[in-house]
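A short write-up of the structure that comes next.
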Number of protein chains: 2
Amino acid sequence: MVLPLLEPADGQGVVPCCPPLTERPMTAAEAETAARMFKALGDPVRLRLFSAVASHEGGEACVCDISDVGVSQPTVSHHLKKLKEAGLLTSERRGTWVYYRVEPSVLAAMGKLLAMPAAA
Amino acid sequence: MVLPLLEPADGQGVVPCCPPLTERPMTAAEAETAARMFKALGDPVRLRLFSAVASHEGGEACVCDISDVGVSQPTVSHHLKKLKEAGLLTSERRGTWVYYRVEPSVLAAMGKLLAMPAAA
DNA sequence: CGTCTATGTTGACATACGTCGAACCAGTGC
DNA sequence: GCACTGGTTCGACGTATGTCAACATAGACG
């Protein structure tokens with residue numbers, strides 16, 4: 001269920017799931033994997049939540065810090081869960097609060113997917 | 001209806017709609033705009049079509065060259081339309097065939113959205 | 001004009017999605 | 001143990017989405 005946008009990824013030695021979009025036509029399997037990530041970011045609320053976590057100090061944030069996006073709290077939780085299932089975020093409970101974190105390696109893999117060919 | 005992922009964009013002087021995801025929390029408006037793009041790429045079939053066009057010689061391809069993605073022809077047409085509405089592709093009829101093209105500036109804008117901070 | 005090929009549009013349908021309120025767990029502190 | 005606060009899960013509901021078959025449109029070519 002946990003989408004590996006990238007393989008185990010020890011440290012930063014990221015092994016992206018797929019080549020850059022512009023390198024060659026994606027296979028069905030690659031598209032399936034990558035689309036899950038894009039789909040996860042394809043909702044305004046989720047995008048804001050993700051951006052809030054990603055831009056937060058240390059790449060992690062407490063739910064309480066980012067839940068002000070105009071929807072009910074259960075909805076926030078629902079979206080965070082989706083982002084987690086998409087492999088974009090991880091969560092950890094620390095005492096009263098739950099912290100969500102974005103893995104730098106995931107960000108790197110996403111960036112590579114959209115990398116421009118030198119020319120362009 | 002035509003989503004400007006970026007402003008007029010004369011040539012390569014792209015003016016992205018939004019800052020990198022990691023720079024600061026996106027505003028509701030920014031998220032709305034950027035999410036439309038991610039959403040468009042959030043379907044495996046569309047992602048394959050987009051990749052097929054983007055990786056094709058000259059950044060453009062005839063529908064007949066890319067419509068082998070496992071769904072019916074109307075469905076292909078439907079998805080191409082969606083990609084067009086999302087501002088990711090443009091189309092042009094040349095004689096019998098219709099060609100779809102990806103704007104390099106759009107690719108660049110997407111890349112910047114996911115750009116990594118120097119560190120990480 | 002008529003027909004054939006290449007695409008786009010329409011209508012219908014099953015499924016997925018986003019949202020909320022209510023109920024439910026997890027820690028904290030009294 | 002009990003109440004309180006922070007979060008998640010559940011059930012329901014309306015809407016959006018992906019898909020196809022059938023039909024419509026655009027050029028090309030006789």
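Lettering follows sequence order; numbering is per chain, from 1. All values below come from the heavy atoms of this structure, side chains included, with hydrogens, waters and symmetry mates left out.
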Given atom [atom1] of [X] and atom [atom2] of [N], what is their separation to the nearest angstrom?
X	N	atom1	atom2	result
A:Leu49	C:dG18	CG	P	12 Å
B:Arg48	D:dT19	CZ	P	12 Å
B:Arg36	D:dT17	CZ	P	12 Å
B:Trp97	D:dA26	CH2	C1'	13 Å
B:Lys39	D:dA16	NZ	C1'	7 Å
B:Glu85	C:dG8	CD	P	12 Å
B:Glu32	C:dG18	CD	P	13 Å
A:Glu92	D:dG7	CD	C1'	15 Å

Could you check whether A:Tyr99 gets within reach of a base, just the sugar-phosphate, or nothing at all, counting any heavy atom under 4.0 Å?
nothing
I'd like to know if the side chain of B:Ser77 reaches the main chain of B:Gln73, judged simply by a donor and an acceptor atom lying under 3.5 Å from each other, with no hydrogens or angles considered.
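It does not hold such a pair.
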Under a 4.0 Å threshold between the charged nitrogen and the carboxylate oxygen, would A:Glu32 count as salt-bridged to B:Arg48?
no
B:Thr96 side chain: which of C:dA6, D:dG6, D:dT8 is closest?
C:dA6
Can you sort out which residues in residues 57-83 of chain A have a heavy atom within less than 4.0 Å of DNA chain D? Ascending by number, please.
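The stretch gives A:Cys62, A:Val63, A:Cys64, A:Gln73, A:Pro74, A:Ser77, A:Lys81 as the residues lying under 4.0 Å from the strand, ordered by number.
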Any A:Leu47 side-chain heavy atom under 4.5 Å of B:Leu21 side chain:
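Of all side-chain heavy-atom pairs linking B:Leu21 with A:Leu47, at least one is under 4.5 Å.
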Residue list, side-chain hydrogen bond (donor to acceptor under 3.5 Å, both in side chains) with A:Glu60, at least two apart or on another chain:
A:Arg94, A:Arg101
Find the distance between SG (A:Cys62) and OH (A:Tyr99) and round it off to the nearest 0.5 Å.
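Reported to 0.5 Å precision, the distance equals 5.0 Å.
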Just do the salt bridge (charged side-chain N to carboxylate O under 4.0 Å, His left out) check on B:Lys112 and B:Glu23 with the steps written out, would you?
CA-CA 11 Å; B:Lys112 277 173 189 154; B:Glu23 193 175 300; over 6 Å; no
Starting at the 5' end of DNA chain C and moving along, which residue's nearest nucleotide shows up first, A:Arg46 or A:Arg93?
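Its nearest nucleotide being more 5', the pick is A:Arg46.
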If Ile, Leu, Val, Met, Phe, Trp and Tyr residues are connected whenever their side-chain heavy atoms lie under 4.5 Å apart, and connections chain through other members, are A:Ile66 and A:Phe50 in the same group?
yes
Residue-phosphate contact under 4.0 Å: A:Tyr100 side-chain N/O, D:dG6 OP1/OP2
no
